[in-house]
Protein chains: 2
Amino acid sequence: MKPASSPSSSSSAPRAPRRKAGTHTIHDVAALAGVSAITVSRYFNAPEKVSAAARERLKEIVDRLGYVPSQMAGGLASGRGRVVCAVMQNIASSTFADLVNGMTDELEASGLQLLLANAQYSRELEESAIRTFAGWHPSALILTRDDHTPAAEAMLHALDVPVVEAWGLVPGRPFHQVGFPHAQAGVALAEHFLAQGARRIRFVLPAADQDFRARQRAEGYAEAMRAAGLAPDIVRGEAADDFEAGARAIAVHAATARTRRAQALIFANDNMAAGAILEAPVLKLVLPNDGAIAGFGDAPVSRRLRPALTTVRPARYEIGKQAARRVLDLLGGAGAKADGPSQVLVPCELVVRDSSRLAG
Amino acid sequence: MKPASSPSSSSSAPRAPRRKAGTHTIHDVAALAGVSAITVSRYFNAPEKVSAAARERLKEIVDRLGYVPSQMAGGLASGRGRVVCAVMQNIASSTFADLVNGMTDELEASGLQLLLANAQYSRELEESAIRTFAGWHPSALILTRDDHTPAAEAMLHALDVPVVEAWGLVPGRPFHQVGFPHAQAGVALAEHFLAQGARRIRFVLPAADQDFRARQRAEGYAEAMRAAGLAPDIVRGEAADDFEAGARAIAVHAATARTRRAQALIFANDNMAAGAILEAPVLKLVLPNDGAIAGFGDAPVSRRLRPALTTVRPARYEIGKQAARRVLDLLGGAGAKADGPSQVLVPCELVVRDSSRLAG
DNA sequence: TTGTAAGCGTTATCAA
DNA sequence: TTGATAACGCTTACAA
């Protein structure tokens, strides 16, 4: 009656049943605790909705099993991954590293994972990063520029999640912002020298054109110069390496007649300024008498240079932290979109040291 | 006949049917292309298995819709997320930033996303990061230390995915490694001075005890000294800031009688060494005559210092890249676990500059 | 406070 | 080369 090996009688073939058997699932935990899966789910996502007794039992079992909920399954079921995606412009620079540090510190406790991408100052790479991130159903996005490609901007709107633009602060954007207006840093440096009576002030940009914030600072400087009735004098570095570019700029300075050359040099960043200060003795220049110097960024070495470097110190870590804070607030329901995009100013600070003291 | 508002006749209540309606799904694409969902899936994961005709049609539709596959759904269905998780010790430092850069560059093309965590030199934080990562069903893990907690090590084995320990290289580990033996960097620096005839060579550690690689380098130095019949002289910095610690160390040096003080100072990193070199003129020391100096790391500023700093240059970016490469190879099936853990040596290089030239 | 049922969007399996 | 079907492990909606 019963054919020993027939794989099917008509259509009830044994099919392809199971698959993976990797780690423990929520059901393993539930079974051991004598509760249903949803209670375990609530234990993780809303513990206050679970009785103290069940909570205790679950804690013990979860610890014993080393159970960790699957982010994949949870994200799929809920439609939102517990992920915040951030696009940096240059991960290798300490600027962005500090931003990242601030973000991770703030997000850590919330259980949100930070996903990082590096766009290397390219709008196209930023767009492609955003596209990749879209597949992760992020809870929020943090970007570090405000001039996205149209396609990127469209995706940002379609994603329909909080977007925070960190680092710069410009008016008229549809997204939340945390940072400071970079032009203002340029203004502050120019005014620092103007207030000391300088007339010939030069701004030195890096050789590479990619850091658009440096250009914004240069524009601020130019504005301040024009406001003082002076012509801006913006030059570009001559070497890809910032230290080298700074050294060359100061060499040009040394080779120019004292009465014609700039009284003060504003470098786009501290590395360039450091290159100039370190090269000066070789050129028989005594700074700041033979040329006042300022930078931007307050690198760790800046206060150690002789003369110590006057610079602008942006609150990098704090900006990262605030950007993440803003994300958490928005996810928590505060500052609903009805209020429109918010702007959080994290001011930067002019740090005056010896390098910028103008000769009598 | 049709009761306008009756919610149920007996048990056929309308239930709670749908939920989300966010973006496009694989089915939208499939429907538009007139194929089944699995064909769309193949188009992304194994394009060669899809006819050219279908491929072309799908490309057009995917582009038009801006469709991006859900990583959540894919990860859940396949049991492996397209994620490589890396635990760094200090994201803010340029060392780890370079590692990260190398990794992202290498992983980029493979469609794997790098998930980053920061353990700040703490084994406990590393363990907690690994636990968090477990929820992401990573395809592989990259770590930057080799002395994990027992719990962490257990998780690593349970995860059953490729694990690569990057940066250091030590024998006897059960995981793949990419990097160099840090002790050897200490040996190289000690021998550099020994070869010049120095007898009194001091090693200066940072004030904070957290960077265990620095200790490894110190041990290498100590070994070389003992091998030369000399007593190691290891001191610890006196300030949390590395530059400041370096400055203090050279001040102590300056205050010691010439015949008794060290002929050469090896600093645990370039920042400390830079602090010393920048402070020297203030102390009326002329380097390297009044003290030869070496560092570790080859910071960008090191070759700009006067005297230019002798240091050891690790191939940071390359190590990150090779670690990711190793991961990709392992995922691709090469170097199956049967072969046992592999070791990839990415050597570091002694960079000799003026600061280490010993006085006749 | 807890549970049941029904998917979330994709891929593995088997069949054609 | 393509497709039908059944999971993957979790959470939402609703009911008790």
Side-chain angles (χ1 to χ4, degrees), chain A residues 7-8 11-31 33-58 65 67-82 134-137, chain B residues 7-8 11-31 33-58 65 67-82 134-137:
Chain A
S8 70
S11 69
S12 59
R15 285 286 175 187
R18 77 204 51 185
R19 223 101 47 70
K20 169 184 39 214
T23 51
H24 300 291
T25 76
I26 201 169
H27 291 105
D28 300 334
V29 178
V35 297
S36 73
I38 188 66
T39 301
V40 182
S41 171
R42 287 200 264 257
Y43 167 72
F44 283 105
N45 301 312
E48 72 281 2
K49 291 187 177 172
V50 175
S51 67
R55 221 149 42 190
E56 216 160 309
R57 201 141 19 98
L58 284 169
L65 254 45
Y67 168 74
V68 181
S70 162
Q71 298 289 336
M72 301 288 175
L76 178 58
S78 68
R80 280 271 96 92
R82 299 196 58 69
W136 286 98
H137 301 285
Chain B
S8 71
S11 66
S12 59
R15 285 284 176 187
R18 80 204 49 185
R19 224 101 49 70
K20 171 182 38 214
T23 50
H24 300 291
T25 76
I26 203 171
H27 291 106
D28 301 335
V29 177
V35 298
S36 73
I38 189 68
T39 301
V40 183
S41 172
R42 289 193 184 110
Y43 167 73
F44 283 104
N45 301 312
E48 73 281 2
K49 292 187 175 175
V50 175
S51 67
R55 223 151 39 190
E56 215 159 311
R57 201 141 20 96
L58 283 169
L65 255 45
Y67 167 75
V68 180
S70 161
Q71 298 289 337
M72 301 289 175
L76 178 58
S78 68
R80 279 270 97 93
R82 300 194 59 68
W136 287 99
H137 299 285

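Just so you know, these numbers come straight off a predicted model, no measurement behind them. Below, chain A is the first sequence line, B the second, and so on; all start at residue 1.
- Within the nucleic acid shown, B:Phe44 has no heavy atom closer than 4.0 Å to any nucleic acid atom.
- For B:Asn45 and C:dG9, the CG to C1' distance is 13 Å, given to the nearest whole Å.
- Of the possible polar contacts, none joining the A:Arg82 side chain to the A:Gln71 backbone as a donor-acceptor pair under 3.5 Å is found.
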Let me check something: any side-chain donor-acceptor pairs from residues 36-45 of chain A under 3.5 Å, sequence neighbours excluded? List them with distances.
| residue | atom | partner | partner atom | Å |
| --- | --- | --- | --- | --- |
| A:Ser41 | OG | A:Asn45 | ND2 | 3.4 |
| A:Asn45 | ND2 | A:Ser41 | O | 3.1 |

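- Residues B:Leu58 and B:Ala33 approach most closely at CD2-CB, 3.6 Å, considering heavy atoms.
- In this structure, B:His24 atom NE2 and C:dC8 atom C1' are separated by 17 Å, rounded to whole Å.
- Nearest to the side chain of B:Leu76, among C:dT10, D:dT11, D:dG9, sits D:dG9.
- Near-neighbour residues of DNA chain D inside residues 33-43 of chain B, defined by a heavy atom below 4.0 Å, number-ordered: B:Val35, B:Ser36, B:Ile38, B:Thr39, B:Arg42.
- Atom-to-atom, CD1 of A:Ile26 to C1' of C:dA5 comes out at 15 Å; the value is rounded to the nearest Å.
- Atom CE in A:Met72 sits roughly 12 Å away from atom P in D:dG9 (whole-Å rounding).
- Residues meeting the side-chain contact (heavy atoms from CB on, under 4.5 Å) test with A:Ala46, sequence neighbours left out: A:Glu48, A:Lys49.
- Within the model, atoms OH of A:Tyr67 and OG1 of A:Thr23 stand 8.5 Å from one another, a figure rounded to the nearest 0.5 Å.
- In this structure, B:Asp28 atom CG and C:dC8 atom P are separated by 12 Å, rounded to whole Å.
- At a non-hydrogen distance threshold of 4.0 Å, nothing from residues 47-58 of chain A comes into contact with DNA chain D.
- B:Arg57 approaches B:Val35 most closely through the heavy-atom pair NH1-CG1, 4.5 Å.
- A straight line from CZ of B:Arg80 to P of D:dG9 spans 11 Å, rounded to a whole angstrom.
- When every heavy atom of A:His137 is checked against every heavy atom of B:Ser70, the shortest pair comes out as NE2-OG, 3.1 Å.
- For the pair A:Leu76 and B:Met72, the tightest heavy-atom approach, listed with the atom from each and the gap, is N-CB, 4.0 Å.
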